[in-house]
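As structure tokens, the structure follows; a few thoughts come after it.
So that the names make sense, note that chain A is the first sequence line, chain B the second, and so on, each numbered from 1.
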Amino acid sequence: MAESSLSKVYEPRETEAKWYQYWLDRGFFRAEDTSSKKPFSIVIPPPNVTGMLHMGHALNNTLQDVIIRYKRMQGFNALWMPGTDHAGIATQNVVEQELAKEGVTRHDLGREKFIERVWEWKKKYGGVITNQLKRLGCSCDWSRECFTMDENLSRAVREVFVRLYNGGLIYQGDYIVNWCPRCHTAISDLEVEYKEEQGFLWHIRYPYVEGNGEIVVATTRPETMLGDTAVAVNPDDARHKDKVGQSVILPLINRKIPVIADHYVSVEFGSGAVKITPAHDTNDFAVAERHGLEIIKIMDGSAVINENGGVYRGQDRYVCRENVVRDLESGGYLVGREPYVHNVGQCYRCKSHIEPMVSRQWFVKIKPLAKTATAAVVKGKTRILPPMWEGTYFEWMNNIRDWCISRQIWWGHRIPVWYCDNCGQMIVSTVDPDSCSECGNNKLRQEEDVLDTWFSSALWPFSTLGWPDKTPALKTFYPTSLLVTGFDILFFWVARMMMMGLYTMKDVPFRDVYLHALVRDEKGEKMSKSKGNIIDPIEMIDKYGTDAFRFTLAAFTAQGRDVKMSEERIEGYKYFVNKIWNATRFSLMNLEDYPGERVSVGRNEESLPDRWIRHQLNRTVNEVVKSLDEYRFNEAAAAVYQFVWHEFCDWYLELIKPTLYGKGDPAQRQATQQTLFTVLKISIKLLHPFMPFVTEEIWQTLIRDGSSIMVSDFPAGDDSLQDLQAEKQMRVVMDVVTSVRNIRGEMNIAPSKKLRAVISVPEEELRAIVTTGKDHIVNLANLEALDIGGKMEEPKDAATGVIGSIRVFVLLEGMMDVAGELARLEKEMGRVTKDLTFVSKKLANRDFMAKASKTVIEKEEEKFRAVKEKHVVLDAALKKLREMSAPHHA
RNA sequence: AGGCGGGUAGCUCAGCAGGGAGAGCGCCACGCUUACACCGUGGAUGUCACAGGUUCGAGUCCUGUUCCGCCUACCA
């Protein structure tokens, strides 16, 4: 058998790289397109090519890897599809910044050259995050790695676009969109972040055209008045009722604009009159549509005032604001201003203030898609877990607005639409057309806009499997089994995949969606560069090892909660890894002469500890399987942690030391070696999905048959290993040992001091158990002598431990501290008395006896007997002790 | 403004089917016992946010209050 040349402390560094390469070389990550095995598939939430692994990725991918390794070991044809996202705006920004260093803009290069440049960038840096995933131990099928701009995925994008268009679900329209003046593109509603800002509310006078008087409007953005085309009041507002239909003069511009009535205006706010700027305000745009108002755009794509802004032309919007305010004031139009806190939309990417702007964009008509996607969840075709997120999903689907899918950038999937300038024909096609289908003109102009990045992401579950081709992989793995992602992209991504999957494939993209928490710092704050509270996963891996890091993530992922990350926790689990490591070292040292599992050992040759540990292990296996099946990662992790550390290491290994050290029966020893070997082997299998590296290292040292733990079979529960008798017997042994240790501890007696003890066990059955366990008790309690008898008198100078009817006397000749012992027993008595009153009260309660279930009553009665017994025994012991300590008079 | 989640030991959190509260870390005491001091043994610690209600019995179910976090929407 293996000899132990393992170092005292586990060193993750070399082993991790070694085993990852080993797995790769053997193709263990690869899934089969067709297989007799049942399929299980996960598509990775594709990280941005520009991305660096952060805590969110680390958690997300750890959980996926735990599940995929688990399923693979269970014999599934397990596919974890990896890939990255082209991340339109983000990537374009990165490359533009690179260009800026060289003093060029993308416009200097031109579209084609610029895109070439982005591809170059991707080639050079795009692999960073995938390499980081490898360090995390992710068992993705890298042979299938995809990129959203790959040829086939781009084909899928065009195909879906055309289908949606032909299905009447894509339209082009002038609409108010969120415009980022820095990125020079429209962005979707979801990409706008609102932040509270301190600003002002300006009150401006708009004089009536006829007669005297004026109407006062309030605004936080005075510069937009240049584009006002109406003033609106609530039709029920008595103050303004008679003014509806009249006109006012727009100051500075001197445009005549109407006063209109619309319920959008609230009577309570300000003067009850609102200036309407349809081109630069979402609500105003809606008002304008209802009333057929003129829409006047006053800014260009950089938010600089255009020709419609009169003298303010050429000014930036905020410069213009100051000038407008100044001019209003000097013209006598400004009533005043007051400080005002309001929400301002920012670009999620560059944090510039969003400018709502009317422009021509492409939209997806979303309602019909949302309806199907809602129904699929209602019918349970897809489960959203934890279930609380279902509500959020429905809520959003019900209030969804059309999806603006066009972006005015260069990096992305160019919209497959061509225009013929000759006849004005528009051609929507999956392939580049040579000539106009209408007039034959061969000079066609392709739409400049590209698609929102999320458009291609929405196709990910089937585009990565080869669609639009009917590939075997698609047939095998779609719908995918599980999607694991953060709840922050439930709308961006999950909802859209549902819609697109159902529309295109006529089936849901995944059976289960598991939404995990967000990783925050130890104070519960979102990690961000600006706050400087980022914990870098790779740094943690370097410092504590991947296994410790992964286990931490899994252990702290309670469903639906935030994960608060701190280094201390990771360090704590590093200790756990080390504990496992050392338990292995110990085992190997004592398995040197173990011939292997070929030995057949009968159950009757197994010792109590052997039977007990198998029983406990079996229970743990059941718990881990159940927890993982329900995506309760923290529970699975806790179960295996508890077992390995506190049952296997703390009790079992200590119990079997004498047997292993070889003083007793050789057959017994071999049986124990067998158990030790098997239990260790199964334990590391349980741990493998969480801790892939250290478990492989251990496996390779322990098993040495050329196999890998990664493709071994995951443990399954086995009822035949259940051994309630062993559990009961060990309970008694453990209680007695703990009782002696407790006395030792409380009396401050060194662990190395051998003690003598007497155990009084009136009940015959229990006495047999204690007698059988005698050697274990002597061993673990560090006794030099132990007498076991029936009902016995209390010896002199002894501390007493009470376990039900069992009394444990620790002989303390010369060391007896009567006062200390008295205090100790009184403390215990206090507890028991409290217990006793409580239970007796309950049993005396007629309502309880009449209404509680039979099993509960039986349990309480049983408890009563035990507590009563203990109470009696303790009482006697205390009486004796008090006599001793009481000052006698001779 | 609406929706969701949360307030449990000094800290971070479990507690999934109502039957007298748990873990890890930290803390205190004793120990370098031949796997591990990244260890072992023992110990201390809780008006389960607050107020009502349902129930024989509530951390757990219901109602209200309060504080914190998030999401969605946004009244100029």
- Message: For A:Phe551, run the ring-ring contact (aromatic ring centres under 6.0 Å, His included) check against A:Phe633, A:Tyr573, A:Tyr575 and tell me which one passes.
- Response: A:Tyr573
Whole-Å [atom1] distance, [N] and [M]:
N	M	atom1	value
B:rC4	B:rG42	P	46 Å
B:rG64	B:rG19	P	25 Å
B:rC56	B:rG18	P	16 Å
B:rC11	B:rG43	P	23 Å
B:rC50	B:rC68	C1'	15 Å
B:rG52	B:rG5	C1'	23 Å
B:rU8	B:rA1	C1'	32 Å
B:rC48	B:rG20	C1'	13 Å

- Item | Partner nucleotide of B:rU33 by Watson-Crick or wobble geometry (both distances under 3.5 Å) |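 Pair assignment: B:rU33 / none.
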- Message: Need the pair for B:rG22. Rule: Watson-Crick or G-U wobble, both distances under 3.5 Å, any strand; none if unpaired.
- Response: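 Across any shown strand, B:rG22 pairs with B:rC13.
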Proximal nucleotide (of [options]) relative to the [X] side chain:
X	options	value
A:Phe586	B:rA35, B:rG19, B:rA76	B:rA35
A:Val839	B:rC30, B:rG43, B:rG20	B:rG20
A:Glu635	B:rG15, B:rG24, B:rC70	B:rG15
A:Asn742	B:rC74, B:rG43, B:rA35	B:rG43
A:Arg401	B:rC74, B:rA35, B:rA76	B:rC74
A:Tyr264	B:rG24, B:rA35, B:rA76	B:rA76
A:Thr738	B:rG42, B:rC38, B:rC56	B:rG42

Could you tell me whether the side chains of [X] and [Y] share a donor-acceptor contact shorter than 3.5 Å?
X	Y	answer
A:Thr224	A:Lys275	yes
A:Arg585	A:Asn582	yes
A:Tyr544	A:Glu567	yes
A:Arg741	A:Thr738	no

- Message: Counting the atoms with a prime plus P, OP1 and OP2 as sugar-phosphate, which does A:Thr220 contact under 4.0 Å by heavy atoms, base, sugar-phosphate, or nothing?
- Response: sugar-phosphate
Rounded to whole Å, please give me the gap between [atom1] in [X] and [atom2] in [N].
X	N	atom1	atom2	value
A:Gln642	B:rC13	CD	P	22 Å
A:Met849	B:rC56	CE	C1'	11 Å
A:Ile743	B:rU41	CD1	P	17 Å
A:Glu746	B:rG43	CD	C1'	6 Å
A:Asp650	B:rA35	CG	C1'	12 Å
A:Leu490	B:rU72	CG	P	10 Å
A:Asn590	B:rA35	CG	C1'	9 Å

- Check the pair A:Arg337, A:Leu201 against side chain to side chain contact (heavy atoms under 4.5 Å, CB included), reporting the backbone distance first and the verdict last. CA-CA 5 Å; A:Arg337 69 164 205 199; A:Leu201 192 60; over 6 Å; no
Any side-chain N or O of [X] below 4.0 angstrom from OP1/OP2 of [N]?
X	N	result
A:Lys863	B:rG20	yes
A:Asn845	B:rG57	no
A:His646	B:rG24	yes
A:Lys753	B:rG31	no
A:Tyr206	B:rA76	no
A:Arg585	B:rC39	no
A:Trp645	B:rG40	yes
A:Lys8	B:rC36	yes

- Query: Which residues within residues 569-581 of chain A lie with some heavy atom under 4.0 Å of an atom in RNA chain B?
  - Reply: A:Arg569, A:Lys574, A:Tyr575, A:Asn578, A:Lys579
- Task: Would you check if A:Phe848 stacks with the base of B:rG57, given a 5.5 Å centroid limit and a 30° plane limit, both strict?
- Result: no
- Going through the distances and angles, do A:Ile749 and A:Leu812 end up as a side chain to side chain contact (heavy atoms under 4.5 Å, CB included)? CA-CA 10 Å; A:Ile749 299 165; A:Leu812 297 169; 3.5 Å; yes
- Pair A:Trp645 and A:Tyr641, ring centroids less than 6.0 Å apart: yes
- Side-chain contact test, heavy atoms from C-beta onward, threshold under 4.5 Å: evaluate it for A:Ile777 versus A:Val733 and give yes or no. yes
- Answer whether the closest heavy-atom distance between the side chains of A:Thr15 and A:Val694 falls below 4.5 Å. no
